[in-house]
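Remarks on the structure that follows.
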Amino acid sequence: MSGLSWILIIGAGIFWLQTNEQRRRMGLLAKHLAPTRVEKILGTLIDGYLKALEFQDPERQQHAWNALGRQEQELVEHFQRFADGFATESAEATRVSTLPLGLPLLDRILPAYTFDMRQALALHAQAIRAACAPEGLDAAARRDFAFTMTAELLLMQHTCHWFGKTRTIASIRLVTRHKTQYEQVVASVAPTTRRAYLKLIGDSN
């Protein structure tokens, strides 16, 4: 058998392993997301923040902020349910490679270069809870909370896509869907989130 044939066989094997692993990870996320309304509320909030900022009438804008506040509280409840459910999975099933190569089984071969998705979701649950705006804020303060919450939600989405696919694909999705760079999102979340997140993924920056 020629060298080219071996390369093709090895490449096909790697692709098969990677596809199966990504399917398993996406299934694991879907299993714990399905009983919740996280995905629906997330989309409602991100779109709602943009619409609320466009309102010129203060009364109409305040009404929109109040409705979004209720959605935020509902998201806290549902995301916590998602994180709690995911926390019941094993460490082996929830390990995520921090290496740039998206090769299968790297998380098991090099466990030192991984983070635990269970810890990541617990971190995001706490961050989302902290980013909820209290009642009675003026327009400028409410905008600041909406900006921070949006960043927290986008970073959480990035982590889920990273777990399901790869870090590179997660970052590409951020740009294509939200016109936002990964680095910009990390810089825009709350300082406590950023410190905890960078420590978790082993980033010293």
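Because the structure is predicted, anything quoted here is derived from the model rather than measured.
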Could you walk me through whether Gln181 and Val175 pass the side chain to side chain contact (heavy atoms under 4.5 Å, CB included) test, one step at a time? CA-CA 6 Å; Gln181 297 286 339; Val175 174; 3.9 Å; yes
Side-chain contact, heavy-atom cut-off 4.5 Å: [X] with [Y]?
X      : Y      : value
Phe55  : His63  : no
Leu153 : Leu75  : yes
Tyr197 : Asp203 : no
Thr166 : Ser97  : no
Arg142 : Leu68  : yes
Thr88  : His32  : yes
Arg25  : Glu21  : yes
Gln119 : Thr94  : no

Closest non-hydrogen atom pair between [X] and [Y], with its separation:
X      : Y      : value
Leu28  : Ala93  : CD2-O, 3.8 Å
Ala131 : Glu152 : CB-CG, 4.1 Å
Cys132 : Phe145 : O-CE2, 3.6 Å
Ala122 : Ala83  : N-CB, 4.5 Å
Ala127 : Thr193 : CB-OG1, 3.3 Å

Are the aromatic ring centres of Tyr182 and Trp162 under 6.0 angstrom apart? no
Checking [X] side chain against [Y] main chain: does a donor-acceptor pair fall under 3.5 Å?
X      : Y      : value
Thr148 : Asp144 : yes
Arg118 : Glu89  : yes
Thr98  : Tyr113 : yes
Gln61  : Ala52  : yes
Arg194 : Val189 : yes

Within 6.0 Å of CD in Gln80, more than 12 heavy atoms from elsewhere: yes
Tell me if the CZ atom of Arg24 is crowded by more than 12 foreign heavy atoms within 6.0 Å. yes
In this structure, which one of Glu74, His78, Glu77 forms a side-chain hydrogen bond (donor to acceptor under 3.5 Å, both in side chains) with Arg37? Glu74
Same apolar cluster: [X] and [Y], side chain cutoff 4.5 Å:
X      : Y      : answer
Met117 : Leu123 : yes
Leu45  : Leu137 : no
Leu50  : Val185 : no
Leu198 : Ile128 : yes

Atom pair [atom1] ([X]) and [atom2] ([Y]), whose distance is rounded to the nearest 0.5 Å:
X      : Y      : atom1 : atom2 : value
Leu155 : Gln184 : CG    : CD    : 12.5 Å
Arg173 : Leu154 : CZ    : CG    : 14.0 Å
Met26  : Cys160 : CE    : SG    : 9.0 Å
Phe82  : His124 : CZ    : NE2   : 9.5 Å
Ile46  : Arg177 : CD1   : CZ    : 10.5 Å
Phe79  : Ile41  : CZ    : CD1   : 11.5 Å

Go through it in stages, so that I can follow the logic: the residues are Thr150 and His178, the test is side chain to side chain contact (heavy atoms under 4.5 Å, CB included), and I'd like the CA-CA distance, side-chain angles, deciding distance and then a yes or no. CA-CA 11 Å; Thr150 300; His178 302 288; over 6 Å; no
Should the pair Tyr49 and Trp65 be assigned to parallel (<30°), tilted (30 to 60°) or perpendicular (>60°) ring geometry? tilted
